[in-house]
Amino acid sequence: MATSLIDDRRLRRLNDHEPRDGDHVLYWMQAAARTRSNHALEYAVQRANDLDLPLLVVFGLWDDYPSATARSFTFLAEGLADVATNLARRDIGFAVRHGEPLEVALDAASAAASVVVDRGYLVEARRWRTRLGRHLDVEAVEVDTNLVVPVDVVTDKRQYAARTIRPRIHEHLDDFTVELLTTSVDHAWEGSTDTIDVGDPARVVADLDCDTDVGPVDRLHGGEEQAAAVLRRFVEERLDGYSDGRNQPADMQVSYLSPYLHFGHLSPLDAVLAARGADAPTADVDDFVEELVVRRELSHNYCWFTDDHDSFSALPDWARTTLAEHRDDDREVTYTRGELVDAATHDRAWNAAQVELRETGYMHNYMRMYWGKQILRWTNTPEYGFRVTREINDRFLLDGRDPNSAVGVAWCYGLHDRAWQERPVFGKVRTMTRSGLERKFDVDAYVALVEELSGVEIAGE
Ligand SMILES: Cc1cc2nc3c(=O)[nH]c(=O)nc-3n(C[C@H](O)[C@H](O)[C@H](O)COP(=O)(O)OP(=O)(O)OC[C@H]3O[C@@H](n4cnc5c(N)ncnc54)[C@H](O)[C@@H]3O)c2cc1C
């Protein structure tokens with residue numbers, strides 16, 4: 001089934017205003033930097049056609065974005081180049097402007113008859129949208145397009161585990177797994193567009209005042225065209241066998257879609273449709289959908305309903321209590337932040353994971369769990385370990401600064417998990433050990449793979 005209609009349940013009004021006389025409809029593109037399967041874009045086109053106006057899309061490029069580096073800005077800029085090309089083909093105006101995104105949007109809205117924005121789930125993104133609605137005296141509508149089932153349709157509360165959110169998501173999943181068709185504009189954008197030229201992503205990044213110590217990577221490049229190619233390769237070559245393969249870091253039988261999902265270069269809806277349409281065993285498809293929809297949307301649920309989602313203080317009570325009880329336990333070894341970043345620990349498997357993250361901007365899920373758990377083991381206090389893990393995660397990973405970053409790190413400290421047998425340092429929080437890793441997969445093969453990918457020789461035992 002395919003439709004150009006936008007389900008009302010994806011829409012939320014940000015104020016009670018009506019459209020007014022204006023030159024255009026404005027789509028403030030912030031979380032969904034793509035032109036395919038973008039419900040916010042298609043809704044904005046339809047609104048523009050209803051009002052007999054052209055559509056302008058605006059994107060705010062902000063040097064001060066927390067934890068943003070030349071690495072993440074390069075990926076972002078590669079995506080903007082695709083958006084520019086694809087919107088021009090559809091006669092839609094596109095402006096990329098320097099500045100805090102909300103300021104850029106408010107400025108561009110001054111002559112707009114109606115404003116549309118894609119939904120953001122982190123607290124800062126939510127505050128921007130609330131302020132947008134309050135500041136404008138024209139209608140403003142937010143559209144949920146980066147989740148398969150909109151976060152507020154699934155439930156009106158924070159969920160405590162995958163088992164509680166899973167049935168709620170599945171209740172609506174088929175309803176929302178509908179291919180989105182594009183709508184043509186009735187009025188081409190012919191106005192002048194005050195915009196940065198995004199045709200050369202390297203030039204765009206060179207003009208930003210950002211952290212250049214973490215540079216671009218070759219392993220993955222941004223943009224919706226790349227996203228479509230990475231998805232196609234995954235579905236054709238690696239989806240068959242995903243259930244077992246995804247826990248074997250040396251096999252890399254995973255999708256590598258997380259950076260594309262993070263920047264909104266790919267709609268999760270397209271990934272579900274592609275997987276379901278593939279010639280692959282049902283168990284593999286179901287396990288992929290479990291990760292992509294249930295686990296990912298559980299993270300969005302946590303951030304949507306938790307204002308302090310980045311804080312240690314938001315962890316479940318039982319986890320904070322048990323970690324506090326073991327705060328002063330002797331550590332076998334401790335490392336500084338610098339030693340961790342340098343991958344200079346005694347543990348070769350951990351060092352390989354850190355090199356994978358630092359040099360390639362990606363890390364395998366199984367290794368992320370081990371990596372995060374060992375930082376808890378090797379730092380002086382759980383609060384410090386939590387902070388350092390998050391900081392390294394967000395600075396080096398292409399998919400960092402995501403709801404999945406908040407939840408992945410917090411999971412290492414007990415979120416969405418239960419109490420386990422009590423151990424030193426961890427208390428009742430689940431541990432992971434090197435011997436467990438050895439039992440699960442071929443650690444030497446993983447280290448060799450990371451050495452090959454990074455060109456870095458990995459030390460340790
Ligand atoms: C300590 C730690 C930190 C993490 N940091 C991040 C992060 O910064 N950004 C990020 O996107 N993910 C993070 N994750 C979750 C997960 O590891 C990644 O989403 C996954 O490894 C991305 O690789 P992939 O796209 O190849 O995964 P695939 O196995 O191909 O999965 C497909 C998609 O499903 C979703 N998914 C997979 N595993 C999980 C999971 N455990 N939880 C939620 N969603 C999942 C992702 O959107 C992923 O792209 C973290 C996990 C941990 C334990």
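Just so we're clear, the structure is a prediction, and the values are computed from it rather than from any experiment. Every number for a ligand or one of its atoms is a count from 1 in the order of the listing.
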query: So, does H262 sit close enough to ligand 1 that a heavy atom of it is under 4.0 Å from the ligand?
result: no
query: Is the F288 ring parallel, tilted or perpendicular to the F234 ring (thresholds 30°, 60°)?
result: tilted
- prompt: Are any of the side-chain nitrogens in R119 or D152 under 4.0 Å away from the carboxylate oxygens of its partner?
  reply: yes
query: Any Lys/Arg nitrogen of R276 or E179 sitting under 4.0 Å from an Asp/Glu carboxylate oxygen of the other?
result: no
field: Pair N86-E225, side-chain donor/acceptor within less than 3.5 Å
entry: yes
task: Could you say whether the N/O atoms of N393 and ligand 1 ever approach to under 3.5 Å?
output: yes
message: So is Y362 touching ligand 1 or not, going by heavy atoms under 4.0 Å?
response: yes
message: Using a 3.5 Å cut-off on N or O atoms only, is F288 in polar contact with ligand 1?
response: no
Close approach, G372 and ligand 1, non-hydrogen under 4.0 angstrom: no
task: Only heavy atoms count here, so choose which of L220, N404, V230 is nearest to atom 44 (N) of ligand 1.
output: N404
message: Is the ring pair Y121/H300 parallel, tilted or perpendicular, if the boundaries are 30 and 60 degrees?
response: perpendicular
message: Would E291 count as being in polar contact with ligand 1, using the rule that some N or O on each side must be under 3.5 angstrom apart?
response: yes
NZ (K373) with more than 12 external heavy atoms under 6.0 Å: yes
task: May I ask whether Y242 has any heavy atom positioned less than 4.0 angstrom from an atom of ligand 1?
output: yes
